[in-house]
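These notes are about the structure you will find just below.
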Amino acid sequence: MITDAQAKNKMDRMYCWTRHVYDLSRKYYLLGRDALIERLDVRPGEQVCEVGCGTARNLIKMAKAYPQGRFFGLDISDEMLKTARKSLAQNGLERSVRVVQGYSQSFDPAVLFGLEKPLDKIVFSYALSIIPPWRESLDKALDLLPSGGEIHIVDFGGQEGLSPAFRSILFRWLSLFHVYYKPEISDYLRAWAREGKGNLSFVP
């Protein structure tokens, strides 16, 4: 099994150069991110953390859409966070949005961000498809949230409307970046709902 340090080194190597063109290239197929942000409905004083925040593209949009909220991000890759911090500074948000290096399955908001109360919302945007311990990451998010807290997820679906040949090419290309469609994620969330751990809503 890969260790946290090995996973971090792997991601740092992958994003060392691609982080410079990440947002430009990903906007054509990382669909649904803005719709997720619109549905967040962040209220005054609520604390939102994006797990796998990458370049901070989403955090910047969140902070501008909901200036009454508090926003935090963590990412496994220090290389990605270099771009995130630069982008936050360019948007005048370097003091109001905090991003740190951390691991999705074990992070502690009180330690990483100095928070005195729990997070209200946790966001996974195209992160679970690249995180090997995705179950542990979801379990951690659920454990961190108080009653009434929310987990918002946007990620790859099965692309059932596409031709089998195109789907095969797409999934093979994504695998080059260690990204995989994981239908078991939705099954896991449905099991949560059956067990009474929360209400579940899917928006294709």
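What's counted below: heavy atoms across the whole structure, side chains too, no hydrogens, waters or symmetry copies. Everything quoted here is computed from the prediction, not taken from an experiment.
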For residues 195-204, dump all side-chain donor-acceptor pairs below 3.5 Å to protein atoms at least two apart in sequence or in another chain.
{"from": "E195", "atom 1": "OE1", "to": "K197", "atom 2": "NZ", "distance (Å)": "3.2"}

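L59 approaches C53 most closely through the heavy-atom pair CD1-CB, 3.7 Å. Nearest heavy-atom pair, Q105 versus S137, reported as atom, atom and distance to 0.1 Å: N-OG, 3.7 Å. Scanning all heavy atoms of the two residues, the minimum distance from G102 to L74 falls at C-CD1, 3.5 Å. A pairwise comparison of heavy atoms in V51 and S104 identifies CG1-CB, 3.4 Å as the closest pair. The two residues I37 and K61 make their nearest non-hydrogen contact at CD1-CB, 3.8 Å. Shortest non-hydrogen contact noted between M80 and D75 is CB-OD1, 4.0 Å.
By the ring pair (Phe, Tyr, Trp, His ring centres under 6.0 Å) test, Y181 is found to be paired with F171, residues two or more places apart in sequence or in another chain being considered. The ring pair (Phe, Tyr, Trp, His ring centres under 6.0 Å) test applied to F72 returns F113, not counting sequence neighbours.
Using a 4.5 Å heavy-atom cutoff, the side chains of F124 and L138 are in contact. Annotation: side chain of I60 is in contact with side chain of L88 (closest heavy-atom distance under 4.5 Å). Side-chain contact between K121 and I151 is absent, with no heavy atoms from C-beta onward closer than 4.5 Å.
When atom types are taken as modelled, the side chain of S168 and the backbone of P164 share no donor-acceptor pair closer than 3.5 angstrom. With Y66 contributing its side chain and D41 its backbone, the two residues share a donor-acceptor pair below 3.5 Å.
For the residue pair N58 and E50, a side-chain donor N or O sits within less than 3.5 Å of a side-chain acceptor on the partner.
Evaluation of the side chain to side chain donor-acceptor pair (under 3.5 Å) test over residues 143-157, restricted to residues two or more places apart or in two chains, returns S129-D155, E150-H152. Listed by first then second residue, pairs satisfying salt bridge (Lys or Arg N to Asp or Glu O under 4.0 Å) with a partner in residues 85-108 number zero, not counting sequence neighbours. Within the structure, salt bridge (Lys or Arg N to Asp or Glu O under 4.0 Å) pairs that include any residue of residues 179-189 comprise D187-R190 (at least two apart or interchain).
In this structure, the separation between CG on D139 and OH on Y188 is 3.5 Å, given to the nearest 0.5 Å. Atom CD1 of residue I76 and atom OH of residue Y103 lie 5.5 Å apart, to the nearest 0.5 angstrom.
For the pair E46 and R43, the salt-bridge criterion is not met [side-chain N within less than 4.0 Å of a carboxylate O].
The number of heavy-atom neighbours closer than 6.0 Å to CD of E116, taken from other residues, nucleotides and ligands shown, is 12 or below.
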